[in-house]
Each structure stands twice: as C-alpha cells, then as structure tokens.
Amino acid sequence: MDDNEIRFLKLLREQYPTIAQASTEIINLQSILNLPKATEHFMTDIHGEYEQFIHVLNNGSGSIRRKIDEEFGNTLSEKDKKSLATLIYYPEEKLEIVLSTEDNINDWYKITLHRLVQITKRVASKYTRSKVRKALPKDFAYVIEELITEKEEVQNKEAYYNEIIHTIIKIDRAPEFIVAICNLIRRLVIDHLHIIGDIFDRGPGPHIVMDKLMSHHSIDVQWGNHDVLWMGAAAGSTACIATVLRIAARYGNLDTIEEGYGINLIPLATFAMDTYADTDLSRFSLKLSKEKDQTDYKLEVMMHKAITIIQFKLEGQLIKRNPEFEMDDRLLLDKIDRINNTVIINKKSYDMLDMDFPTVDKDDPYALSKEEEIVVEKIKHAFTHSEKLQRHIRFLYTKGSMYKIYNSNLLYHGCVPLDENGEFKKVRIFGGDYSGKALYDVLEHYARKGFFSKNPENKRKGEDILYYIWANPNSPVFGKDKMATFETYFVEDKEVRKEKKNKYYELLDDEKTVDKILKEFSLDPRYSHIINGHVPVEQKNGENPVKCGGKLMIIDGGFSKAYQGKTGIAGYTLVFSSHGMRIAAHKPFESKEEAIRNETDVYSDNILVETPNFRLRVADTDTGNAIRDSIAELENLLKAYRDGTLSEKE
C-alpha cells in the first residue's frame, strides 16, 4: 500500500473510526444496491408553457395514477381514483373545493388520509428509511414516519394507526397534513428530473417554469438553443438581447420580460413610437394566444419592427467580427437593392415585402443610429441587472450543461453535427478544430466564460459563442443550415425560407451512426440510449418518437401551443423506472382550473420503449457504481485495521 493510499484511508478513518462502524456502512451500502432503481422523468421543449409543464410534473407523466391503480386495483371506482390523483397533483386547490362541497368533512378526511398513507407506503418502499426521512416535511416528519412504518411490536396495528389519523382530524391539522403528504408522494414518485432543453421563448411563463425547477429536489438541464439565447442575453450579448426581445414581441410575450423579470422596456417603446409609427408594419403582426387591447397591440407591433431591425444590425456586427463563424450568408441588410426593392440571397434576387427601414443607412447598414445605441445600452443594463434573470441563468449554469451522461443514457437537446458522409463534422472554434464530443466540450467551455469571466477578451469571445450556439449551422443545439429570420419576415418565396436540417436527422434510424455517437461519448451501444428533443415529432403524420429500434428517442412532441397544430399532440415525456422505459404522449392542456374542477388529465397513449427481463436495481445505475467504489474503499479500510496498517480510533 503506497503513501497516497494510506493518506486516503486516514481521511476515511475520520468518518469510520472503528471496524464496527466501517462494517455497518458496508452492510448498509450493500443492501442499497439491491433496492429498485429510482424513477427518472424526462421533459423537453417546454417553451414557457408553465401550466401544462406544472401539471405533467405533478402527475409524473402518469406515474402517480399508475401507483394508485397498483395499490387499489378494483377496490376503488374510476371516479375515486381520479379524485385522489387530482388531490395529489393540486392538494391546496382541491381541498378548497372539497371543503366547500363536502357534507361530512371528517369522514372524508378519514377515508382520504388512509388512502394517502397507503400510497405513501407504496412509493416509499423502494427507498431506504434514511432517504425517506430526509424527504419528510418538517412539521409532520414524525407522524408520517409512524404511519408508513410497520410496527411488529404493536399488537392491534389497525387501532394504533386509526388513532393517529383520528387525532390529526380532531386537532384540526388534517388539511395541512394532507398537503404535506401529497407533496411527499409527488417527491417520492419521481426521484430525478431531466430537462432536455428549451425552457424559454414562445409561451407566456418561462420565469414560472424556472421558479418551479429551482425548487425541485433533484434535477439536471441540458441547454437548448433557446436557453442559450437567454443565457447570452443575461451575460450582456446585445445580439442575444435583441433576439430575445424580438421573439417575445412576435409571440405577444413582452410582459414576460417586463413583469416576469422586471426589465424596463420603456426606452424601446418610446423609440418605436417615435420612429415606426408611420411605417409599414404589415410584416410584424403578432402571434397571440389571447386578445390584446388595440392600443397595446399597435405599440407592440411597432416595438416588434424596431427590435427586429436592431437585431439584424447587431447580428451583422457580431458576424463581421467573427469571420471564423462562417455566417456571411446572414449578412443581408447590405444585399438590399433600394431601387428595385429586392434582396440578393445566395446569388439570387428576391422581391422584398417591406422596404420601410427609417434607421438603416444604405452606406453603413449595420451601424446603429444614435437613438438605437441609447436603447440598446439601456436595455443591456436592464438585462444584466435583473436580479431574477441573473438568478435563473446562474441556476442553468449550475445544474446545466451541453450534454449529460446519466445511467447509460446520453442526453442532449439537438444533434451531433455530421457532414454529408455521416462523419463527425469538423468545426473551427477560435483557431482549433473540433468534432463530436470535443465540439460540445469546447462550446460549453466558452459559454461559461461568456457569463462568468472577468477578462474582457474572454468574456467577449464567450458572449459571441453563446450567439453561435443559438444560430450557427454547426451548433449541436441548432443543427440547421441557417436561421432564416430575415427571409421569414421579408421574402415571399417559401423555398428560400426553408431551414435544412443537419445530416444527423437523416440517420436517426441508422444503427451504425447511433452506435458511433454513443461510443464517441464512451457509452456501450448494447445498453445505452440517446434521448433528445429540439425537433417536434409529427405524430399526426405517422412519425414515431422511438428511433433505431429504441436506441434513440426524440421526445419533443409540441409542448408549445405554437407547434401543436403541426404535431397533433401536446408533447412527449419519458419515464425510466425499475420496470423499464415508457414514453407518454400528452393531450393539449386546457387549464389548471379545468384539471382541478373536472379532474381531467393530459397523458394519453403510452409507448413502451424497453422492458427488461428483470427489475432494475440501484446496482444497475451510476449510483450503484459509486456505491461499489465506496464499498471497495471501506473494505480496504477494514483490511488496514485488521493487519495493523492503521489503528482504530477510540
């Protein structure tokens, strides 16, 4: 045994100073290995649809309802099962309705508490007592532990448990207890949450989604291109800030910026009214999910046009200072022919649908006007000083990454860029060539510098890389040949608007390609999967989220209302439990009020992806590997105690 090993064992001895303590921990860890694998929940492309997100999070993509079915079988009616499930999803709100409608509330409390205790016992059974104890709500920890723990020494168990429940009701603590135990059930049903990108944009409540994620007990996030865009905006990238505002304006969500994040948009509004009130606004109508006051609508249309032109200018400046990004095809303001009202795109002339650009200087089209410079500076200050936005983005950096390997699954938002031959595409980033996993790693490296670095040059590079990750054809989380924003606004020809997907998307069912990607990330293709989102799966056109015989899954099915007409559903989610993998297809979500009052749910079809021949255990997970390492270390400590290398501590 060398000096480093002895030094390590001396440190371990501080935790386990005797043979007895080290032995007890080995026994404990060995027993944990044989517990069922904890359940993972995968969600992607939430796009600010906070009500549906919270509902699917609360119901665990059907996991809670399945636990109810397993526990009660045919002993409960369908109506009672739905009512119990809704109570677990929304305990405070459902209790309010029950209290106003139930004639004999004490009987209801008694029946409901017994049922909740039964469900809690079931969902807690796959964990150690220690883990359950840590999850227990502080105010009711002792009582819940008594109710869900079998007491062999108690002769009349039924009377014992009944008396506890009777006392809870008698002292008027039943409502609070019900809320606490429902929250505990939801926490224990899903052990870990994976968000595979695109929390932001389009929907009205990304800030609400972020608040919910930050309160979750165990979570990781794989950045989507829309997340990275907001990360760039929070870092101070003016091109990203302008793009965030343009998308918010386009979908009628500027109040998310103002009210959700406290960012003052008066400078932009004032500038837009002064500059664009009498211009052609026909190309800048809003995509609204609800009606707006006509005065507000007109103002937001003007703001939409103002920030769009600012975005094109700022993007142009960024592209020009980074020729290595190879995005010159996006420099289109200088390709406009003001005499013929046309624009040259890829050497071909197209008619322009709008030529009314009062701030675009034909001699220097990418220069901001003095008024635009003032607006950009003020808004940049607001973004970089929004306490809530900065807190949310720090959370994304802390819990997030470009990709994640977890329990033999490779998680990423978009794609691994491939060339036309299906090989990993080589991409130049600040003087170096990268492909495959190395490309992900270098982009994440610079993305972190963009937010955290105090060195001005490194920070600028990082900010520009955040824009690159958002919109560059070689970005793994974008994966298309161009971001055709300019064409969508100003060119009628639908062909020039098309964004061609990376070769990756043609090879989703090619086992050789999928295996090559898994091996690139040091995973065994025999036991591993790729799970990603980004591109909505069009179920109504017969598309299937399961690719390559189950080795790859795309679980973007249209959480965002903007995509639901295209996909035919309202999103896919994935659950990976000890019994295998299951994809849930979700119906459109009407409202939280509808879900509570009428006890409706939104998961429908289930797709079994993989069902193992045996129930998966902790031993089959990453946690199991770590536990085996700990056992080996403790066994070495025991050996050192017993052969005299180390002495026990009194």
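Every value quoted in this text rests on a predicted model; they were computed, and no experiment measured them.
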* Asked: Would Tyr403 and Glu444 satisfy side-chain hydrogen bond (donor to acceptor under 3.5 Å, both in side chains), going step by step from the backbone distance to the final call?
  -> CA-CA 9 Å; Tyr403 67 91; Glu444 180 170 335; over 6 Å; no

* Does the pair Glu93 and Lys592 meet the rule for a salt bridge (Lys or Arg N to Asp or Glu O under 4.0 Å), with working shown? -> CA-CA 10 Å; Glu93 296 87 345; Lys592 177 181 175 181; 2.8 Å; yes

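- Checked by atom type and distance alone, the side chain of Asn322 never pairs as donor or acceptor with a backbone atom of Phe325 at under 3.5 Å.
- In this structure, a donor-acceptor pair under 3.5 Å is absent between the side chains of Thr256 and His207.
- For Lys459, the NZ atom counts as densely surrounded, since its 6.0 Å shell holds more than 12 non-hydrogen atoms of other residues, nucleotides or ligands.
- Across Ile310, Ile374, Ile307, a single residue satisfies side-chain contact (heavy atoms from CB on, under 4.5 Å) together with Phe271, and that is Ile310.
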* Asked: Taking it one step at a time, do Ser591 and Glu51 satisfy side chain to side chain contact (heavy atoms under 4.5 Å, CB included)?
  -> CA-CA 7 Å; Ser591 69; Glu51 281 202 331; 4.1 Å; yes

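- Between Glu373 and Lys313 there is no salt bridge, since no side-chain nitrogen of the basic residue lies less than 4.0 Å from a carboxylate oxygen of the acidic one.
- Under the 6.0 Å cut-off for aromatic ring centres, His47 and Phe200 do not qualify, their centroids lying 6.0 Å or more apart.
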* To do: Using the ring-ring contact (aromatic ring centres under 6.0 Å, His included) rule, take Tyr261 and Phe383 through it: C-alpha gap first, then chi angles, then the decisive distance, then the call.
  => CA-CA 9 Å; Tyr261 284 111; Phe383 267 81; 8.3 Å; no

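- A salt bridge is absent between Asp328 and Lys320; no separation between the charged side-chain nitrogens and carboxylate oxygens falls under 4.0 Å.
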* To do: Walk me through it: do Ser237 and Leu466 pass the test side chain to side chain contact (heavy atoms under 4.5 Å, CB included)?
  => CA-CA 8 Å; Ser237 164; Leu466 285 162; 5.7 Å; no

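- Paired with Phe357 under the rule ring-ring contact (aromatic ring centres under 6.0 Å, His included), one option of Phe312, Phe490, Tyr489, Tyr276 passes, and it is Phe490.
- Here Asp354 pairs with Lys305 in a salt bridge; the nearest charged N to carboxylate O distance falls below 4.0 Å.
- In this structure, a donor-acceptor pair under 3.5 Å is absent between the side chains of Asp211 and Tyr50.
- Tyr89 and His55 have their aromatic ring centers within a separation under 6.0 angstrom.
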